[in-house]
Each structure stands twice: as structure tokens, then as C-alpha cells.
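Below: the structure, in C-alpha cells.
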Amino acid sequence: MSDTQKATLASIQATNRPLYRAYLLKEQFRELIKIKGEDGKLLLAAWLRWAARSKIPAMAKVAKKIRRHLPELHNTLDSGLSNARVEATNTHLRVLTRRAYGYHSPDALIAIADLTRGGLCPPLPGR
């Protein structure tokens, strides 16, 4: 953090305790996702207790939603994998679909997807 950011955070801590607590909860969650395995699961359980007791309705709601998906989060912490690549591919394919809007058949979209996302590199004539 820069000095300005530290000063702003200190000001928030002094004037708006719920906002500061929400910031700490957010930052703690960011850090615990980086820690994998059993340690990550223990930190997640502690974070869920903290969020539920925080007296911040939005954080309590987030903790409740996370509890519903706890097995999936535990799988993520165990394997270290995320769905980031899948989400990136979905977003890219949506952009390609908009680009291929004027074509008359879905074959054009499939060809564009193969070229951009599929790693297809056909030999070009004359090269």
C-alpha cells in the first residue's frame, strides 16, 4: 500500500468501524483463498464464523451463501484449481459470437473459435 492508501485506511478505521471491518473481512478472504489444503479449510471456517458475527448484514449474507457451496470450496482448496480458465473461455466465445453475427451459418463461428481458442494453426497458402 502507498502512504496515501495507508492514511485513507487509518481514517476509515477511525471514522467508520463497520466499513473498516468489511475491508478486513474482504482482505482476509482474499488471503485465505491463496492457502490450500487443510490450513485453508480451517481458515475458511474461522472466516465464516467471523463474517457471521461481524454485525454487517452483507457479510453475514455472503457467509451464508458460502456455506451453501462449502463442499465445492473445499474441493478448490484441496485441488488448487479454479474455474478461471473456463470463465475466460466463455467470455471470449461470447465476444466471438457477437463478431460472427453477420455470417449466415454457425460454421463461421466454429471456425473463428477453432482459430482463436482451439490452437488450430492451418498452413497458409504461399507461406
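Please read all numbers here as calculations on a predicted model, not as lab measurements.
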Rounded to the nearest 0.5 Å, how far apart are CG of Leu109 and OH of Tyr101? 13.5 Å
First locate atom NZ of Lys36, then atom NZ of Lys34, and finally report the distance between them rounded to the nearest 0.5 Å. 10.0 Å
Using a cut-off of 6.0 Å, state whether more than 12 heavy atoms not belonging to Arg67 lie near its atom CZ. yes
Is it the case that one hydrophobic cluster holds both Val62 and Tyr23, taking links as side-chain heavy atoms less than 4.5 Å apart, direct or via other members? yes
Check whether any side-chain N or O of Thr116 sits under 3.5 Å from a backbone N or O of Ile112 as a donor-acceptor pair, and report yes or no. yes
Mind running side chain to side chain contact (heavy atoms under 4.5 Å, CB included) on Thr91 and Arg94 for me, showing each step along the way? CA-CA 5 Å; Thr91 301; Arg94 270 190 238 106; 3.8 Å; yes
Heavy-atom side-chain contact between Pro18 and Asn16 under 4.5 Å: yes
How many angstroms lie between atom CZ of Arg21 and atom CZ of Arg53, to the nearest 0.5 angstrom? 11.0 Å
Does Ser2 offer a backbone N or O that forms a donor-acceptor pair with the side chain of Gln5 under 3.5 Å? yes
Search all heavy atoms of Leu77 against all heavy atoms of Ile35 and return the closest pair with its distance. CD2-O, 3.4 Å
dist Glu87:CD -> His92:NE2 (nearest 0.5 Å) comes out at 15.0 Å
For a quick test of reading the model, state the closest non-hydrogen atom pair linking Ala113 to Leu93 and the distance between them. CB-CD2, 3.8 Å
Worked verdict on Leu70 versus Leu44 for side chain to side chain contact (heavy atoms under 4.5 Å, CB included): CA-CA 9 Å; Leu70 205 52; Leu44 179 60; 3.6 Å; yes
Short question: side chain of Lys55, backbone of Ala52 - any donor-acceptor pair under 3.5 Å? no
Working to the nearest 0.5 Å, report the span between OG1 of Thr15 and OH of Tyr20. 12.0 Å
Would you name the heavy atoms of Met59 and Leu25 that are closest together and state the gap between them? CG-CD1, 3.6 Å
Same cluster for Leu24 and Leu19 if Ile/Leu/Val/Met/Phe/Trp/Tyr side chains link at under 4.5 Å? yes
What I'd like to find out is whether the side chain of Asp78 reaches to under 4.5 Å of the side chain of Lys41, using heavy atoms alone. yes
Just how far is it from atom NZ of Lys65 to atom NZ of Lys61, taken to the nearest 0.5 Å? 4.5 Å
